[in-house]
Novice: 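Below is one structure. I have some questions about it.
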Amino acid sequence: MEADAADACRPQWTPLPPLRMEPRSLQIKDFPLMSLVRNRLIQLLQEAIESMLEGIGQQPSDPIHIELDIPKIAEHGHYATNVAMSLTRHLKRNPREIAGLILRSLQDREGLLHKVEIAGPGFINFFINSGSWQAIVAEILKAPRVYGRQDLGRNRRVQVEFVSANPTGPLHIGHGRGAATGDVVANVLQACGYSVQREYYINDAGNQMDTLGRSLYYRYQQLLGRQVEFPENHYRGEYMVDLAREFRELQGDRYGNRPLEEVLDHFTRFAADRILEGIREDLSAFGVCFDAWFSERSLHEAGAIEKTIEELKSKGHVYEQDGATWFRSTAFGDEKDRVVVRANGMSTYFAADLAYHRDKFERGFDTLVDIWGADHHGYVERMLAGVQALGRDRSDLKIILVQLVNLLRGGEPVAMSTRAGEFVTLKEVLDEVGRDAARFLFLTRRSDSPLDFDLEVAKMQSNDNPVYYVQYAHARLCSVFEVARERGVHWDQAAGESLAHLDRLELPQELELMRLLGEYPHVLANCARCLEAHFIPYYLHELVSLFHSYYNQNRILGDDPPLTQARLSLAAAIREVLRNALEILGVSAPERM
RNA sequence: GCGCCCGUAGCUCAGUCGGAUAGAGCGUCGGACUUCGAAUCCGCAGGCCGCAGGUUCGAAUCCUGCCGGGCGUACCA
């Protein structure tokens, strides 16, 4: 069982090679694999603006942020920027005049640009040379596995903590969404040059653990035929009965006559361990692995909570009132101070959380990312207050709230009540719809937006299901190469890498496809900046949609050998980007389907 | 009551440090397989971006108020 879980945990695709770079000496020009055209253009603009400011005797004030938009209208160019307009205030000149000054200083030595113009209120529109787009294909073919990787993170250490479901029951579909989100955010951060650790926090302390142990104990008693009443607000799910059965098989009937107090610990441990094992298995099946599993109990055992409260006390952030110990979170913007030690001497869950986050920082992480269910949003402010009281910056902790999942079947809501123990587990969903569809659907929504998850749609193998739309494109591309081989057409990959024949790619759709391929690194960078995954599915949809359209109108394998070579190179580049992006999503890229 | 999030096409949703004429899927309707995969493509229709003000060259995006929905408001975990 243990070995199976570990195997399932191993990715079935080839893992990405580790990022090996010297973190210190990095310049933009060292990263040709970032958005090739986009980043080069931004660089040219930066230089132009600096020299323009110098020319008119202005200080290059705050770092100038250059935003490059893709205009909605083709006549406005491939890229457009509004820097001239955003500089009006500082330079006290009108935007079109500034745009003119910038263009005068712009030095396009390598011939990136075909045409530049000033338009509207002061936009600068750029038209890119076809050759620049074609170079993107060559770059992708040279290093497809690392395409999109970049060094935004400069190796800064980030920890992503996610799922962290209480070990009191199996994971349900909502946890699945959190798992997919956390996993992909971590993948993205890794791809963007952060050093990432994935951690699961196990709430294995507190009242709920006793409740868990008692729940098992009572179910066990019932199995032995005792008339015991199962208490309200205990864990009534069917899984608890299964667990009792399993307990009885392994441990026999000898606990039947033992009083609860004597054996509670034993029952609790058994239940928690077994449930946690199940959680691990479910996550493995979902393709989610953690680097570390952190036990709340270990904090208690190490006295970390007391130490944390001591530290807060020494910094003057803690006071006594009504017999309890309070953390003055209002000093950092929380609406109300929070109890850390109750009047009965027990510390609160929040106190453990403070200790936990203190521990994370002590382990050397520069930034912490917490992924929480949106029902915990009321805890965000106090946690941020805690981080600040511990001497860190508020921005060192990023809390991502993942909204709840509404489970539907054929448009009808599926009743889910945790209290009655009737909920749809992640495992059931995976068994029914499959891992690829589940992951993809979880990720096609902004995390802060509630998600309708329809089981019927999810398992539908048709155009209703976006995941197959994307995978189909990949399979189709593979099939093209298969057919080429059958016909004895040899694709000269080396030629593609060296740009040979690529100048034959000049159809508007081809240029647009190449432009999109070039945007991929920028999509990843956006995901890393916003800590959001959903841009990737949307990007994939756009890319694939354009490809399908192109494919239906043009033949890749034709009777013009150089053109065929060029199109095969383009097809290969698209396939590589699809594979690359799907891998980040944890979704397979099938060669056949 | 207070706090957070959300109101964009019939439905589900993108639009993320304010940009030019508002985007996609699904659904409706009509077309395209003798040709590299029709799980695909092409076309038509569909909008006071919840409402009202404000900020400015410019607002779906920022601010204020209201309306509607979700969640949270413990010396629970």
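Chain letters run A, B, ... following the sequence lines, proteins first, then strands; residues in each count from 1. For clarity, every value in this text was computed on a predicted model and none was experimentally measured. Only heavy atoms go into these numbers, but all of them, side chains included; no hydrogens, no water, no symmetry mates.
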Novice: For nucleotides 72-77 of chain B, just jot down a letter per nucleotide in 5' to 3' order: B, S or -, based on protein non-hydrogen atoms under 4.0 Å.
Specialist: SS-BBB
Novice: Any side-chain to backbone donor/acceptor pair from A/Asp204 onto A/Glu296? Under 3.5 Å, distance only.
Specialist: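 Looks like yes, one N/O pair under 3.5 Å.
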Novice: Identify whether any heavy atom of A/Asn125 sits under 4.0 Å from a base atom; if not, whether one sits that close to sugar-phosphate; answer base, sugar-phosphate or nothing.
Specialist: base
Novice: Could you list all N or O pairs between the protein and nucleotides 42-50 of chain B that sit under 3.5 Å apart?
Specialist:
residue : atom : partner  : partner atom : Å
B/C42   : OP1  : A/Ser549 : OG           : 2.8

Novice: Any salt bridge linking A/Glu510 with A/Arg504? Criterion: basic side-chain nitrogen under 4.0 Å from a carboxylate oxygen.
Specialist: no
Novice: Mind jotting down which residue pairs meet the side-chain hydrogen bond (donor to acceptor under 3.5 Å, both in side chains) criterion with at least one end in residues 70-85 of chain A? Sequence neighbours excluded, please.
Specialist: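 Sorted result for residues 70-85 of chain A: A/Tyr79-A/Glu519.
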Novice: Output yes when A/Arg394 and A/Glu381 qualify as a salt bridge under the 4.0 Å nitrogen-oxygen rule, no when they do not.
Specialist: yes
Novice: What is the nucleic acid contact for A/Glu381, judged by heavy atoms within less than 4.0 Å: base, sugar-phosphate only, or nothing?
Specialist: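 If one applies the 4.0 Å heavy-atom cut-off, A/Glu381 turns out to touch nothing in the nucleic acid.
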Novice: Counting any heavy atom closer than 4.0 Å, what does A/Ala473 reach on the DNA or RNA strands: base, sugar-phosphate only, or nothing?
Specialist: nothing
Novice: What nucleotide, of B/G19, B/G37, B/U21, holds the atom closest to the side chain of A/Asn82?
Specialist: B/G19
Novice: Which dot-bracket string describes RNA chain B (Watson-Crick N1-N3 plus N6-O4 or O6-N4, or G-U N1-O2 and O6-N3, all under 3.5 Å; [ ] crossing; | other strand)?
Specialist: (((((((..((((.....[...))))..((((.......))))......(((((..]....))))))))))))....
Novice: Check every strand shown and say whether A/Glu591 touches a base, only sugar-phosphate, or nothing at a heavy-atom separation below 4.0 Å.
Specialist: base
Novice: Using the P atom on both, measure B/G19 against B/U61 and round to a whole Å.
Specialist: 10 Å
Novice: With a non-hydrogen cut-off below 4.0 angstrom, is A/Asp210 in contact with a base, only sugar-phosphate, or nothing?
Specialist: nothing
Novice: Does the ring pair (Phe, Tyr, Trp, His ring centres under 6.0 Å) test come out yes or no for A/Phe535 and A/Tyr539, once each step is laid out?
Specialist: CA-CA 6 Å; A/Phe535 298 118; A/Tyr539 170 78; over 10 Å; no
Novice: Tell me which residues in residues 557-572 of chain A lie within less than 4.0 Å of RNA chain B, going by non-hydrogen atoms.
Specialist: A/Leu557
Novice: As a test of reading the structure: which of B/G19, B/C5, B/U16 is closest to the side chain of A/Asp448, going by heavy atoms?
Specialist: B/C5
Novice: Examine B/A38: is either OP1 or OP2 under 4.0 Å from a nitrogen or oxygen in the side chain of A/Arg476? Give yes or no.
Specialist: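 Affirmative; the distance criterion is met.
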Novice: Do we see a donor-acceptor contact under 3.5 Å between the side chains of A/Tyr356 and A/Glu199?
Specialist: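 Side-chain D/A pair, A/Tyr356 to A/Glu199: present.
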Novice: Is the closest basic N to carboxylate O distance between A/Asp265 and A/Arg269 below 4.0 Å?
Specialist: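 Looking at A/Arg269 together with A/Asp265, the answer is no, because their closest N to O distance does not fall below 4.0 Å.
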Novice: So does A/Tyr468 get a side-chain nitrogen or oxygen closer than 4.0 Å to the phosphate oxygens (OP1/OP2) of B/A39?
Specialist: no
Novice: Determine, for A/Arg382 against A/Asp353, whether the closest basic-nitrogen to carboxylate-oxygen distance falls under 4.0 angstrom.
Specialist: no
Novice: Does this structure show an ion pair linking A/Arg409 with A/Glu432, if we count only N-O contacts that are shorter than 4.0 Å?
Specialist: yes
Novice: For a quick check of understanding: with a heavy-atom distance under 4.0 Å over all strands, which category does A/Phe481 fall into, base, sugar-phosphate or nothing?
Specialist: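 Counting heavy atoms under 4.0 Å across all strands, no contact is made by A/Phe481.
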Novice: Where do A/Ile371 and A/Gly182 come nearest, in terms of heavy atoms and distance?
Specialist: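 The answer is CD1-CA, 3.3 Å.
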Novice: Say you pick atom C1' in B/A60 and the same atom in B/C48; how far apart are they, in whole Å?
Specialist: 13 Å
Novice: Reading nucleotides 7-15 of chain B 5' to 3', which nucleotides get B (base under 4.0 Å from a protein heavy atom), which S (sugar-phosphate only), which -?
Specialist: -----SSSS
Novice: If I pick the C1' atom on B/G23 and the same atom on B/C49, what distance separates them, to the nearest angstrom?
Specialist: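 Comparing C1' positions in B/C49 and B/G23 gives a spacing of 12 Å.
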Novice: Have a look at A/Glu482 and say if it touches a base, only the backbone sugar-phosphate, or nothing, with a 4.0 Å heavy-atom cut-off.
Specialist: nothing
